[in-house]
Amino acid sequence: MRALTPETAIGPALADAYHHLANRLAAASRAAVEAPDILLTLAPEHTGADFAFACFPLAKAWRRSPAQIAGEIAEALHAETEQEDDPWLARAEAAGPYLNLYLRRDLTTNTVLKDVGRLRETYGHSKRQDGRRVMMEYVSPNTNKPLHLGHIRNAVLGRAVANLVASQGAEVFRTDIINDRGIHIAKSMVAYLRWGAESTPETSGTKGDHFVGEYYVRFDQALRDERESWLAQQDDPDPVDERVKKKQEERFLAESELMSAARDLLQRWEAEDEDVRALWRRMNRWVYDGFDTTYSRLGIEFDRHYYESDIYRGGKAVIRDAVARGLFETADNGAIVAPLSKHPELGKNLQDKVVQRADGTGLYITQDINLATIKFRDFDLDRSIYCIGSEQNYYMQQLVATLRLLGFEWADGVFHLSYGMVYLPEGKMKSREGTVVDADDLMAELADLAKAEILERSPEISPEDLANRAEAIGLAAIVFNFLLVGRETDIQFDPKASLAFEGKTGPYLQYTYARMSSLLRKAGDWRQPSETRLTEDAEWRVVGDLLVLPAVVADAADSHDPSRLAAHLHDAAQRFNVFWHELPVLHADEPHRSSRLALVQAARTALGNGMRLLALEPIEEM
RNA sequence: GCGGCUGUAGCUCAGGUGGAUAGAGCAGGAGUUUCCUAAACUCAAGGUCGGAGGUUCGAGUCCUCCCAGCCGCGCCA
């Protein structure tokens, strides 16, 4: 059961109604509870009521059973409501220890429909976070292989949270950190130099990111072959002891000809060897062009890209300074360590973190410290969100603790938007084993399936409409599939379920929206009545979903969890479809016809707004 | 070894400071179209909420222990 408080009852009508009811209950409680402490819940469906108040907390003060209290308050409210015309409350009934509250359907409906009509595309939004400046860092790919399923979840989640935060009035900046340097890039480069000849994405007809990815895979295959023949020469090619095995692998990597070549290339890159840099720029360009294609198809946008190659050297000055101030410590071999274990106030159970290698080179966290500083400086942020998988939870705790230790006052504004992993039916995705689901492939596959479904229903459709509609439907299926499950929940990616267009899916929402649109198109001239007549249960449930939408959006934004909104949109669409099935609209008599049309129009606005926040494209026809 | 997370219907998942009869979707079963889009709607069936204790008027939710699985753990990114 969803609990509401005066703070979470967002939305023009809902806030009014809530405060009114809270005041009346507080008065009826004879000062046992103050209005701001009143906790109302949305009543369970089987009661038929709208709000409920649980009387347990009053039992002590009143020295009576919750059921008796519910009865007495109901009576008190009833007596008062008889005397004056209450704008919200129709009646109150005791049901055991609960007090069920029923809203006045006529007045509530008119108020809500007016709100939606007035606010239109901003209905459901709020201004609670006006003036806040928030950064969303998401996707953040490596430049050695194409985007896959995991990136899609990241992109879809990060975008939805960014939209939700923006819907609350904050200004949101979307960025990524591109890992464009390091040994993984050097591997692709070695492979390209050896086996690429003069081939390019153009001459081979391959998308740039896939083109480079193929050389990365090629390197790995060659390395595997090299390892095999190397192991064959060892005394014990397959040690049982894991530690021995690990040592052996380390020895192999140190002796490997291929790895030496990659390390050599990386060193020349670091030394700014012009030949190496030129090749690096060329190959990265190919990858970025490929990424752009994928992003544009997915509808992902950025305000600013940060590149690891630009920032990886920074951060050392901060570290030197921290050592001088005694915040960081130097280990025996010269490595620099953030002594997090000595500062439990920065985070529980944190171990010390090495922030600089013994040889003086930086680590991932070195540049993360630098990047965090740059972001706050560049954008004057209140909050900096990192959309990164849950496997980095511990690392992110260490990062935040390190930033706090360094004394950055903005460190509390750093937030790790953690999300669950994506598993395939056969387990974890491994690019080396080829068990990845490619982002481009998935989008193409879903669009094809959507195409087939559309042609079955509308064989007459024009090729252009077909392509556009298939794209919108296919993408909605993917996006909703990822947004419906809770943010922290690991996803078992089921290809079959993601291909479905029925039930709890994006296309279901689109279909409902298309039905609404179709109805309004066919309505001809009609005028919104000043007083609507909507009293049927099926109508009232649709009104209820409108009433609650702003609170749901605010809640999803505050918890950074789009699944709250996704679930609400599905439920609301379902209730609309029941209304559709049970009650005629165009064929109804006045005043029902125009009243229902007004309801459909408002429901369409609300559903469309909710869908756009999640980046599900509302479409007019299906 | 240590830290964190997860375990709810055949499958995939919801379940918000403990509170009314634990809810969806899919799969399987039975239906609904002379009527506004059947990508819809209705009904039936399906659950010892991993196990055992405990706290409480009340536990899927809190505490302890156990079992199973996943993620991570100072010079990888």
Side-chain angles (χ1 to χ4, degrees), chain A residues 1-5 8 39 41 43-47 52 54-56 59 65-66 95-98 100 142 179 182-184 308 331 333-341 348-359 361-365 367 389-395 397-398 418 420-421 423 428 450 453-454 456-458 473 481 484-486 488-494 496-497 500-505 507-512 514-523 555 559 561 563-564 567 570-571 573-574 577-578 580-588 596 600 621-622:
Chain A
M1 208 166 318
R2 176 140 113 240
L4 288 170
T5 65
T8 58
L39 205 83
T41 59
E45 194 137 355
H46 68 88
T47 60
C55 296
F56 305 98
S65 79
Y98 298 94
N100 285 334
N142 290 353
N179 300 299
I183 195 72
H184 52 290
E308 188 180 330
N333 65 358
I336 297 175
V337 176
L340 302 179
S341 63
K348 268 189 227 166
N349 297 321
L350 291 182
Q351 293 168 291
D352 296 351
K353 181 75 182 165
V354 172
V355 295
Q356 186 175 302
R357 287 193 189 90
D359 64 8
T361 56
L363 291 152
Y364 203 75
I365 192 167
Q367 75 168 28
S390 60
E391 73 270 21
Q392 303 274 358
N393 280 354
Y394 180 63
Y395 170 74
Q397 281 177 33
Q398 286 185 317
S418 169
M421 324 245 309
Y423 294 100
K428 198 175 178 177
E453 297 277 334
I454 295 164
E456 225 171 83
R457 293 169 175 84
S458 345
I473 293 171
N481 190 260
L484 185 62
V485 297
E488 302 268 23
T489 307
D490 290 347
I491 289 183
Q492 306 292 329
F493 184 79
D494 179 356
K496 268 193 208 140
F501 297 137
E502 291 162 18
K504 264 186 174 176
T505 64
Y508 176 81
L509 299 188
Q510 289 175 316
Y511 175 72
T512 308
R515 274 182 148 183
M516 295 167 167
S517 303
S518 162
L519 208 49
L520 293 166
R521 275 197 304 273
K522 289 184 179 164
D555 177 46
S559 58
D561 192 352
S563 72
R564 306 256 176 106
H570 170 263
D571 293 348
Q574 201 169 48
N577 282 323
V578 171
W580 170 289
H581 187 260
E582 285 185 4
L583 299 168
V585 178
L586 298 181
H587 301 167
R596 285 174 191 163
V600 172
E621 287 178 73
M622 244 173 114

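Just so it is clear: chains get the letters A, B, ... in the order the sequence lines come, proteins before strands, and each one is counted from 1. Values reported hereafter were calculated over all heavy atoms of this structure, with side chains retained and with hydrogens, waters and symmetry mates removed.
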Please compare A/Pro507 and A/Tyr395 by the position of their nearest nucleotide in RNA chain B and report the one closer to 5'.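 Upstream on the strand: A/Pro507.
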Quick one: on RNA chain B, does A/Met622 or A/Thr5 contact a more 5' nucleotide (nearest heavy atom)? A/Thr5
Just to be sure I understand the rule, does [X] reach a base, reach only the sugar-phosphate, or reach nothing, if contact means heavy atoms closer than 4.0 Å?
X: A/Asp490; value: sugar-phosphate
X: A/Lys353; value: nothing
X: A/Asn179; value: nothing
X: A/Gln574; value: sugar-phosphate

Measure from the side-chain heavy atoms of [X] and tell me the nearest of [options].
X: A/Tyr508; options: B/rU37, B/rG25, B/rC41; value: B/rC41
X: A/Gln392; options: B/rG3, B/rA77, B/rA39; value: B/rA77
X: A/Thr489; options: B/rG4, B/rA39, B/rC13; value: B/rC13
X: A/Phe501; options: B/rA39, B/rU12, B/rA77; value: B/rA39
X: A/Leu519; options: B/rC13, B/rC36, B/rC75; value: B/rC36
X: A/His587; options: B/rC36, B/rU12, B/rU37; value: B/rC36
X: A/Arg357; options: B/rA77, B/rU37, B/rG19; value: B/rA77
X: A/Tyr394; options: B/rA39, B/rC73, B/rC36; value: B/rC73
X: A/Tyr511; options: B/rA77, B/rA39, B/rG25; value: B/rA39
X: A/Trp580; options: B/rC75, B/rC36, B/rA20; value: B/rC36

Donor-acceptor contact below 3.5 Å, side chain [X] vs main chain [Y]:
X: A/Thr512; Y: A/Tyr508; result: yes
X: A/Asp490; Y: A/Met421; result: yes
X: A/Arg357; Y: A/Leu363; result: no
X: A/Gln398; Y: A/Leu350; result: no

Report the secondary structure of RNA chain B in dot-bracket form, marking unpaired bases with a dot and bases paired to a different strand with |, and treating Watson-Crick or G-U pairs with both distances under 3.5 Å as paired. (((((((..((((.....[...))))..((((.......))))......(((((..]....))))))))))))....
Separation of the [atom1] atoms in [N] and [M], to the nearest angstrom:
N: B/rC73; M: B/rA14; atom1: C1'; answer: 32 Å
N: B/rU6; M: B/rA44; atom1: P; answer: 34 Å
N: B/rU61; M: B/rG18; atom1: P; answer: 12 Å
N: B/rG25; M: B/rG19; atom1: P; answer: 23 Å
N: B/rG47; M: B/rU8; atom1: P; answer: 15 Å
N: B/rC13; M: B/rC2; atom1: C1'; answer: 32 Å
N: B/rG54; M: B/rA40; atom1: C1'; answer: 49 Å

Check the phosphate of B/rC36 against A/Ser518, side-chain N and O only, distance under 4.0 Å to OP1 or OP2. Yes or no?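 Answer is no, no contact under 4.0 Å.
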Does OP1 or OP2 of B/rG4 have a side-chain N or O of A/Lys348 closer than 4.0 Å?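 Result: no.
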A/Ile365 CD1 to B/rA77 P, in whole Å, measures 12 Å
Take the protein atom CG of A/Asn349 and the nucleotide atom P of B/rG4, then report the distance between them rounded to whole Å. 5 Å
On the side chain of A/Arg515, is there an atom forming a donor-acceptor pair with the base of B/rA40 - under 3.5 Å, no angle test? no
So A/Asn481 and A/Phe493, do their side chains get closer than 4.5 Å, heavy atoms only? yes
Which residue is it: A/Leu520, A/Leu519, A/Val600? I am looking for the one with a side chain to side chain contact (heavy atoms under 4.5 Å, CB included) to A/Leu586. A/Leu519
Pair A/Glu488-A/Ser418, side-chain donor/acceptor within less than 3.5 Å: yes
